[in-house]
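Heads up, the thing below is written out as structure tokens.
Counting starts at 1 for both ligands and their atoms, in listed order.
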Amino acid sequence: MVCRYGDDLKMMVEQVKQYTSEGKVADYIPALSVADPSKVAVAIYDGNDTCFSEGNFNEKFTLQSISKVLTLALALMDHGEKYVFSKVGMEPTGDPFNSISKLETQIPSKPLNPMINAGALAVSSLIKGSSNEEKLERLLQFVRDLSGNDQISYNKEVAQSEFETADLNRALSYFMKQHGVLTGDVDELLDFYTKQCAIEVNCEDLAKIGFALANQGKHPLQKNDIIPAEIARLVKTFMVTCGMYNASGEFAIRVGIPAKSGVSGGIVGAVPGNIGIGIYGPALDKKGNSVAGMRLLELLSSKYHLSIF
Ligand code: GLU
């Protein structure tokens, strides 16, 4: 088979490895602190049978904030735009992902967007299901459909570790409950949210999820559209404006690919009408993005002219 990306990917991974020593693995969720900061992996999916992959691409990691993109899509499919955006806004914040400050200054008090923790918690509270088990099973099935991987589940240890230490997310949730943004039991919401964040994938799963987002919610191996095209468009727009934390502006300029990162070191990229990209590199910069992953995306974007701008 002619390998379009193969040799380049190998070189790029070698090239960015040196930057892993500039970052640190997330340790505010204790179970994430054991990740090996020297790991780097990339997978590209173009809709054919297999991915082009390089580095530690079999390594499993948890979605963390990447899950926010998927719960947003599911909540929009469950309730429609009007209702979802009555609970959460559409504007980037410029603040860190877990910041509480804008919640108090916004009137009415609703989180600015679904990619920060407050917004994601509000969105997670909207997922339909009669119990947390049912909600989680719906979300897992959605991720399995998008990735074409029936084995996908969540990492219990990471979920528990975050649940036990998620006081800031609890505080955000209680604040929003007081202001009517969300209803229901906060610890139940945290139970669902921490499990959603602990869904475990590898780079190839991520690349396939990215491909579906890039291609109007379609997956080449599935008969039906998994995400309506309009929702896939909307979600990708949030990835551009708020997907890379408070580095989203610079990332749009340097890379220009709709992408979402998580504190596990994963990044999903969706090049509209083209490829899906999955990245893993747990050494993070101060804003929470994978140091090597950002470099890798910059190289990929420039080599293959992937910027949408
Ligand atoms: N579960 C993490 C949290 O809420 C996700 C953060 C992230 O990946 O940005 O803190």
Side-chain angles (χ1 to χ4, degrees), residues 23-35 37 60-72 88 92-103 111-125 127 132 136 139 143 154-176 182 186-201 206 209 238-239 241-248 251 259-269 278-291 293-294:
K24 279 182 64 187
V25 299
D27 56 8
Y28 76 99
I29 298 173
L32 294 184
S33 67
V34 297
K60 282 188 180 177
F61 52 93
T62 53
L63 286 176
Q64 297 305 328
S65 274
I66 299 169
S67 66
K68 293 170 178 171
V69 166
L70 305 172
T71 45
L72 175 63
V88 64
T93 69
D95 295 328
F97 65 96
N98 54 6
S99 172
I100 200 162
S101 66
K102 293 254 167 53
L103 268 187
L112 274 169
N113 71 68
M115 300 292 125
I116 50 171
N117 280 8
L121 286 156
V123 167
S124 294
S125 77
I127 301 299
N132 268 2
L136 186 67
L139 178 61
V143 182
Y154 75 98
N155 181 317
K156 293 195 174 60
E157 193 198 332
V158 174
Q160 184 63 24
S161 174
E162 182 174 9
F163 185 81
E164 284 167 7
T165 53
D167 292 327
L168 192 46
N169 283 335
R170 274 190 186 82
L172 291 168
S173 303
Y174 278 116
F175 190 95
M176 290 189 288
L182 52 86
V186 165
D187 261 354
E188 285 230 342
L189 172 60
L190 263 295
D191 173 65
F192 175 74
Y193 175 78
T194 50
K195 287 175 179 162
Q196 132 194 349
C197 288
I199 293 176
E200 214 168 33
V201 294
L206 266 194
I209 294 170
F238 276 114
M239 290 163 74
T241 56
C242 337
M244 304 301 283
Y245 305 116
N246 40 338
S248 299
F251 185 80
K260 178 77 198 91
S261 68
V263 291
S264 52
I267 306 177
V268 64
I279 300 264
Y280 177 59
L284 308 179
D285 63 18
K286 290 211 164 56
K287 292 185 173 172
N289 292 307
S290 167
V291 185
M294 299 278 273

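Residue Tyr245 approaches ligand 1 through these ligand atoms, each under 4.0 Å from one of its heavy atoms: 7 (C), 8 (O), 9 (O). With ligand atoms numbered from 1 in the order given, ligand 1 contributes 3 (C), 4 (O), 10 (O) to contacts under 4.0 Å with heavy atoms of Asn117. Proximity to Gln64 (heavy-atom distance under 4.0 Å) selects the following atoms of ligand 1: 1 (N), 2 (C), 5 (C), 8 (O). Atoms of ligand 1 lying under 4.0 Å from any heavy atom of Cys197, numbered from 1 in the order shown and given with element: 1 (N). Near Tyr28, with a cut-off below 4.0 Å to any heavy atom, the atoms of ligand 1 are 2 (C), 3 (C), 5 (C), 6 (C), 10 (O). Near Gly262, the atoms of ligand 1 lying under 4.0 angstrom from a non-hydrogen atom of the residue are 8 (O).
Below 3.5 Å of separation, one finds an N or O of Ser65 facing an N or O of ligand 1. An N or O contact shorter than 3.5 Å links Val263 to ligand 1 by distance. The shortest N or O to N or O distance between Ser261 and ligand 1 is not under 3.5 Å.
The proximity of Asn169 to ligand 1, defined as any non-hydrogen pair under 4.0 Å, is limited to the side chain.
With values rounded to the nearest 0.5 angstrom, Ser65 atom OG is found 10.0 Å from Asn289 atom CG.
Annotation: atom 4 (O) of ligand 1 to nearest protein heavy atom, Tyr193 OH, 2.7 Å.
Side chain of Lys68 to main chain of Met115: a donor-acceptor pair is present (N/O by atom type, distance under 3.5 Å, no hydrogens or angles). Ser173 places a side-chain N or O within 3.5 Å of a backbone atom of Asn169 that can act as its donor or acceptor partner.
A salt bridge is absent between Lys24 and Asp285: the closest approach of a Lys/Arg side-chain nitrogen to an acidic carboxylate oxygen does not fall below 4.0 angstrom.
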Subject >> Step-by-step side chain to side chain contact (heavy atoms under 4.5 Å, CB included) determination, Ile279 to Leu206 >> reply: CA-CA 8 Å; Ile279 300 264; Leu206 266 194; 6.0 Å; no
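In this structure, Gly23 and Val291 approach most closely via the heavy-atom pair CA-CG2, 3.7 Å. Looking at every heavy atom in both residues, Thr62 comes nearest to Ser264 through O-OG, 2.5 Å.
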